[in-house]
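To start, the structure under review is shown below, and the notes come after it.
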Amino acid sequence: MIKKNLLYAQSGGVTPVINATACGLIEEARRHKDRLGKVYAGKDGILGILNEQLIDTSKESKADIAALRHTPGGGFGSCRFKLKGIEESRAQYERLIEVFKAHNIGYFFYNGGGDSADTAYKVSQISDKLGFPVQCIGVPKTIDNDLPITDSCPGFGSVAKYVAVSVMEASLDVESMASSSTRVFVLEVMGRHAGWIAAAGGLAQQKPGDPPHVILFPELPLDQEAMLKKVDKAVKTHGYCTIVVSEGVRDQQGRFLADSGRRDAFGHAQLGGVAPVVAGMITSALGYKNHWAVSDYLQRSARHIASKNDVDQAYAMGKAAVELALQGKTGVMPVVVRTSDSPYRWKVGEADLAKVANREKMMPRNFISKDGFGITAAARRYLEPLIQGEDYPPYGADGLPKYVRLKKLLVPQKLAPFEL
Ligand code: F6P
């Protein structure tokens, strides 16, 4: 029997732990050398597959693959590139199959969010139709935590931990300056249309009155007057106020407070820059001296303060993806199933890609406090386990983490170039 090769691609915004998933997948495939061929990886995601730029991971040492587990960023490169419907983008789907055929690919693993699940699903359908069946497995990842079915998404727990820790630390700073200087600190976090990351900021609050005093969620339109009242009250009661604002917050008319006007390949608005808007509202209405920060890529790459549970789950998803492939599955995605909140227990489950594709899971209303500016006990129960445990990267004598950069040697090309 000729062993089929595996093709893995990273997709969309990367996370602090997407490489832990790659590590789990490659290590598991290497454990099954008797049944599986080599693992190739698309250079910069699916774009690399279309351009027949396939990285041969068999050329990477065991130690370098192991080091992916603690290295942030996307080790093979990622991209935002949308494959549209099969009829509209037929040439691109045919090209994928042509590349699969040329390189004896039997298994395709697409590591991404909702859009990527959609692509993996479509590829699973078309590969059958075009007479070259390939097993397509989605592998979950997104810091936004907005995939359905899975209890949490690899990447989220680590970003949640970074944000909760940052809120705690920055608040201690503001508190010490407040009697004569800064009164308000505004921290902007990612998450697009879902408020999971903003909610995680709420974990910094260990007792009533602790920061953050105000959280602004994308699930609720901003009531500016109520927000300003709450900020003023916090300053008058505690001397200062910490605010966490999600990049996706909208005004009463449904417009993003911060929309750069740019769109990515999926038509998503590029968000970011809401913190200065909120800070400006405070300056003009209340006059309090304030500082603001946009956590942006810092939160998405903060592997140094990753959550151990998140790293373990990211690795487990990569490993499980190979196990599903070995069981002959296609059109599926491994998921995290929570079996208990306290003590936190979870196991690996499985979902149909068709049910994951293009669906966003928002924060339920009962996770947001009645006044709309905080989190509830139910949210805390859900969130707390996800940030638990530390998984520090090894540090070198220079005082910096030892992150790996792969060789990324390409497989020789066999096909004519493709016009994208
Ligand atoms: O989807 C993940 C995410 O980090 C969002 O939270 C954020 O809005 C977006 O990606 C940013 O994307 P990009 O890095 O392509 O600008």
Side-chain angles (χ1 to χ4, degrees), residues 8-28 41 45 65 68-76 78 109-117 120 137-164 190-192 194 196-197 199-200 297 299-324 332-339 344-351 353 356-357 359-361 382-391 393:
Y8 166 76
Q10 301 183 321
S11 172
V14 295
T15 82
V17 299
I18 187 171
N19 287 331
T21 299
C23 173
L25 187 144
I26 296 168
E27 289 189 341
E28 185 63 10
I65 293 298
L68 279 177
R69 189 178 170 124
H70 63 251
T71 301
F76 303 101
S78 184
F109 300 89
Y110 208 26
N111 196 181
D115 297 325
S116 318
I137 316 278
V139 196
K141 140 311 353 186
T142 172
I143 65 160
D144 298 344
N145 202 38
D146 59 355
L147 289 176
I149 306 177
T150 187
D151 180 69
S152 54
C153 303
F156 170 68
S158 295
V159 174
K161 187 171 181 109
Y162 174 85
V163 167
M190 283 183 163
R192 228 193 284 272
W196 298 103
I197 302 179
Y297 279 16
Q299 72 202 298
R300 219 169 76 175
S301 57
R303 180 61 184 80
H304 63 286
I305 190 68
S307 141
K308 179 166 182 342
N309 281 340
D310 188 36
V311 176
D312 289 348
Q313 289 174 353
Y315 185 92
M317 292 299 112
K319 182 173 183 288
V322 173
E323 287 163 354
L324 288 171
V332 292
M333 182 180 92
V335 294
V336 177
V337 178
R338 183 184 298 224
T339 54
Y344 178 54
R345 290 209 182 91
W346 59 277
K347 62 180 188 183
V348 178
E350 175 189 328
L353 276 180
V356 178
R359 285 181 212 180
E360 286 175 317
K361 182 172 76 184
Y382 167 75
L383 291 167
E384 259 169 7
L386 305 180
I387 68 163
Q388 274 164 15
E390 291 73 44
D391 190 86

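The analysis underlying the following values was restricted to heavy atoms, covering all of them including side chains, and did not include hydrogens, waters or symmetry mates.
- The NE2 atom of His70 lies 9.5 Å from the SG atom of Cys23; values are rounded to the nearest 0.5 Å.
- Shown here for Asn111 and Val139, the closest heavy-atom pair between the two residues is ND2-O, 2.9 Å.
- Within the 3.5 Å criterion, the main-chain N or O of Ile149 finds no donor-acceptor partner in the side chain of Arg359.
- Of the listed residues (Val336, Val335, Val337), just one forms a side chain to side chain contact (heavy atoms under 4.5 Å, CB included) with Lys347, and that residue is Val337.
- For the atom pair CD of Gln299 and CD1 of Ile197, the computed distance is 5.0 Å after rounding to the nearest 0.5 Å.
- In this structure, the side chains of Phe156 and Ser307 stay at 4.5 Å or more apart for every pair of heavy atoms.
- Taking CD1 of Ile143 as the start and CD1 of Ile18 as the end, the distance is 11.5 Å to the nearest 0.5 Å.
- Considering every non-hydrogen atom in both Cys153 and Asp146, the closest pair reads SG-N, 4.0 Å.
- Closest approach of Gly155 and Pro16 over heavy atoms only: O-CD, 4.1 Å.
- Ion pair Asp312/Arg69 flagged as a salt bridge, since at least one NZ, NE, NH1 or NH2 atom sits closer than 4.0 Å to an Asp/Glu carboxylate oxygen.
- Once rounded to the nearest 0.5 Å, the distance linking OG of Ser158 with CD of Gln313 reads 9.5 Å.
- In this structure, the separation between CD1 on Ile26 and CZ on Phe76 is 4.0 Å, given to the nearest 0.5 Å.
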Assess whether side-chain contact (heavy atoms from CB on, under 4.5 Å) is satisfied between Leu147 and Lys361, documenting all intermediate values. CA-CA 6 Å; Leu147 289 176; Lys361 182 172 76 184; over 6 Å; no
Can you list the steps and then say if Phe109 with Leu25 is a side-chain contact (heavy atoms from CB on, under 4.5 Å)? CA-CA 9 Å; Phe109 300 89; Leu25 187 144; 3.8 Å; yes
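- Arg303 pairs with exactly one of Asn19, Val311, Thr71 by the side chain to side chain contact (heavy atoms under 4.5 Å, CB included) rule, that one being Val311.
- The heavy-atom pair separating Asn309 from Pro385 by the smallest distance is ND2-O, 2.7 Å.
- Across every non-hydrogen atom of Thr15 and Pro154, the tightest pair is CG2-O, 4.2 Å.
- Note that CG of Asp144 and CE of Met190 are 8.5 Å apart. Values are rounded to the nearest 0.5 Å.
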Run the side-chain hydrogen bond (donor to acceptor under 3.5 Å, both in side chains) test on Tyr315 and Glu27 for me, step by step, so that the C-alpha distance in whole Å, both residues' side-chain angles and the decisive distance to 0.1 Å come before the verdict. CA-CA 10 Å; Tyr315 185 92; Glu27 289 189 341; 2.6 Å; yes
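- Although no hydrogens or angles enter the test, the distance criterion places no donor-acceptor pair under 3.5 Å between the side chain of Thr21 and the main chain of Gly318.
- A donor-acceptor pair is defined here as one N or O able to donate and one able to accept, closer than 3.5 Å; no such pair exists between the side chain of Tyr162 and the backbone of His304.
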Could you give me the CA-CA distance, side-chain angles and deciding distance for Arg338 and Tyr344, then say whether side-chain contact (heavy atoms from CB on, under 4.5 Å) is met? CA-CA 8 Å; Arg338 183 184 298 224; Tyr344 178 54; 3.8 Å; yes
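- Annotation for Gly75 and Gln10: closest pair N-OE1, 3.3 Å, computed over non-hydrogen atoms.
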